[in-house]
Amino acid sequence: QPIRLGYRSPVPTIFASDGIRFVAYPNDHVPARIHGINADGYVKIELGTHTTALAVVEVVGMRPKDVKRAVRLAEANWEILRKGWNEHHG
């Protein structure tokens with residue numbers, strides 16, 4: 001059963017790798033944030049800009065090693081994630 005975090009319909013995946021699915025919720029707001037979801041929980045990551053670092057905002061249920069992996073994946077795929085967030089939020 002997927003973790004829906006209070007949403008009734010599936011949220012589109014922006015990027016997925018290594019067991020972590022990254023999504024941007026439609027009612028999210030600035031600053032740009034994405035959610036990395038795996039079987040154990042999720043991590044909410046503020047995307048920052050080209051000149052500022054990513055920041056972990058919230059972790060629920062996800063193991064620390066998976067949080068680190070999610071942050072590394074988000075850093076390596078920042079442009080894809082930012083583009084996906086922009087497509088949902090303008």
Side-chain angles (χ1 to χ4, degrees):
Q1 183 79 5
I3 298 170
R4 294 202 175 172
L5 308 175
Y7 291 87
R8 294 186 180 184
S9 61
V11 178
T13 298
I14 297 171
F15 174 79
S17 179
D18 203 17
I20 299 175
R21 182 172 72 101
F22 292 92
V23 302
Y25 290 102
N27 69 343
D28 216 346
H29 52 79
V30 174
R33 299 179 192 141
I34 49 96
H35 301 253
I37 302 168
N38 72 3
D40 297 322
Y42 73 92
V43 58
K44 186 187 308 182
I45 301 171
E46 192 171 297
L47 288 175
T49 66
H50 282 293
T51 59
T52 61
L54 298 172
V56 172
V57 177
E58 181 180 21
V59 178
V60 175
M62 190 178 271
R63 296 179 185 136
K65 69 176 185 163
D66 294 333
V67 171
K68 290 177 186 175
R69 186 164 34 101
V71 170
R72 283 194 308 270
L73 286 167
E75 288 171 340
N77 297 282
W78 183 87
E79 289 180 3
I80 293 168
L81 295 171
R82 186 61 196 220
K83 180 180 177 189
W85 192 90
N86 288 340
E87 286 174 2
H88 292 285
H89 300 92

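Values below: every heavy atom of this structure, side chains too, minus hydrogens, waters and symmetry copies.
Here Glu46 pairs with Pro31, Arg33, Ala55, Val57 under the side chain to side chain contact (heavy atoms under 4.5 Å, CB included) rule; sequence neighbours left out. Residues meeting the side chain to side chain donor-acceptor pair (under 3.5 Å) test with Ser17, sequence neighbours left out: none. Residues passing the side chain to side chain contact (heavy atoms under 4.5 Å, CB included) test with Val60, sequence neighbours excluded: Tyr42, Glu58.
Between Ile20 atom CD1 and Asp40 atom CG the span is 10.0 Å, to the nearest 0.5 Å. In this structure, the separation between CD1 on Ile34 and CG on Leu81 is 5.0 Å, given to the nearest 0.5 Å. Annotation: the span from Lys83 atom NZ to Phe15 atom CZ amounts to 14.0 Å, rounded to 0.5 Å.
Val43 and Ala70 make their closest contact through CG1-CB, 3.7 Å (heavy atoms, listed as atom of the first residue, atom of the second, distance). Nearest heavy-atom pair across Ile14 and Val23 is CD1-C, 4.1 Å. In terms of heavy-atom proximity, Met62 sits nearest to Val59 at O-CG1, 3.7 Å.
Proximity of Arg82 to Glu79: side-chain heavy atoms (C-beta onward) are nowhere separated by under 4.5 Å. Inter-residue side-chain proximity for Leu47 and Leu54 is flagged as met; some heavy-atom pair is nearer than 4.5 Å.
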Next item on the list: Report the C-alpha separation of Val30 and Trp85 in whole Å, then their side-chain angles, then the decisive distance to 0.1 Å, and conclude whether the side chain to side chain contact (heavy atoms under 4.5 Å, CB included) test is met.
Entry: CA-CA 10 Å; Val30 174; Trp85 192 90; 3.9 Å; yes
Next item on the list: For the pair Leu73 and Phe22, evaluate side chain to side chain contact (heavy atoms under 4.5 Å, CB included) and give the outcome as yes or no after the intermediate values.
Entry: CA-CA 10 Å; Leu73 286 167; Phe22 292 92; 3.9 Å; yes
